[in-house]
Amino acid sequence: MESTNPVDANEMRYLEDDDTPMAKTFKGAAMGLAAGTLWGTVVATWHDVPRVEKSVALPGLIRTLKMMGNYGVTFAAIGGVFIGVEQLVEHYRAKRDFVNGAVGAFAAGSTIIGYKGKSISTALSAGAALAVTSALIDVGGQTTRIDNGKEYYPYTRKKRTPAEQ
């Protein structure tokens, strides 16, 4: 006998909400730090290695660590501001919809990237780009897969005959 679940997948993710807004903000910043550090490592490998000088020990390693730190802090700030503002807007509006994420994304993009770019136009365009991206992801159901009810296994479940072995 199969039981039917009246709660769909989009509503289920809201019911699994155990974290406080502060914990979510710290998690967003931590994930941003991890992703930014990883991205900084990738970007550092694309640049030419600085020349070796007598007074500088391990110039390639120092440059790589600086880039990792710079990208890590930037991504952590974006993640923290995004989640923090999203949680504040959600608490203030008492709604959980795509607007909260769009406002958080705009705040993160405009403050962090605008500060780094030192330009109002950069701030507005970065905020708008992140807000549109966040809204599209939220409206699209936050998934790239369509559940068609099929299960895929990395092996076959069909019994083989001795002739097939």
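Treat the numbers as computed from the prediction; the structure is a model and nothing was measured.
A continuous path of Ile, Leu, Val, Met, Phe, Trp and Tyr side chains, each step under 4.5 Å between heavy atoms, connects V139 with V99, placing both in one hydrophobic cluster. Both V42 and F75 belong to a single network of hydrophobic side chains, linked directly or stepwise wherever heavy atoms of I, L, V, M, F, W or Y lie under 4.5 Å apart. The hydrophobic clustering, which links ILVMFWY residues whose side-chain heavy atoms are closer than 4.5 Å, places V73 and M68 apart. At a threshold of 4.5 Å between side-chain heavy atoms, the hydrophobic network of Ile, Leu, Val, Met, Phe, Trp and Tyr places M31 and I113 in two separate groups. Connection of L130 to V89 is established within a shared hydrophobic cluster, with ILVMFWY side chains joined at heavy-atom distances below 4.5 Å, either directly or through further cluster members.
Within the cation-pi definition used here (under 6.0 Å to the ring centroid, within 45° of the axis), K24 does not qualify as a partner of F26.
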Decide side-chain contact (heavy atoms from CB on, under 4.5 Å) for K27 and I83; before the verdict, give the C-alpha distance in whole Å, the side-chain angles of both, and the deciding distance to 0.1 Å.
CA-CA 9 Å; K27 283 182 182 180; I83 298 295; over 6 Å; no
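Under a 3.5 Å cut-off, the side chain of R96 and the backbone N or O of E90 do not form any donor-acceptor pair. Side-chain atoms of S110 come within 3.5 Å of backbone atoms of F106 as a donor-acceptor pair (strictly under, hydrogens ignored). In terms of modelled atom types and a separation under 3.5 Å, the side chain of S134 and the main chain of A131 share no donor-acceptor contact. Between the side chain of D138 and the backbone N or O of D97 there is no donor-acceptor pair closer than 3.5 Å. Formation of a donor-acceptor pair under 3.5 Å by the T64 side chain with backbone atoms of A44 is not found in this model.
In this structure, the side chains of V85 and V103 come closer than 4.5 Å at one or more pairs of heavy atoms.
Paired with K116 under the rule side chain to side chain donor-acceptor pair (under 3.5 Å), one option of T122, N70, T111 passes, and it is N70.
Taking each heavy atom of Y71 and G40 in turn, the nearest pair found is CD1-CA, 3.7 Å. Of all the heavy atoms in A108 and F82, the pair that sits closest is CB-N, 3.8 Å.
Here L33 contributes atom CG and I78 contributes atom CD1; the two are 12.5 Å apart, rounded to the nearest 0.5 Å.
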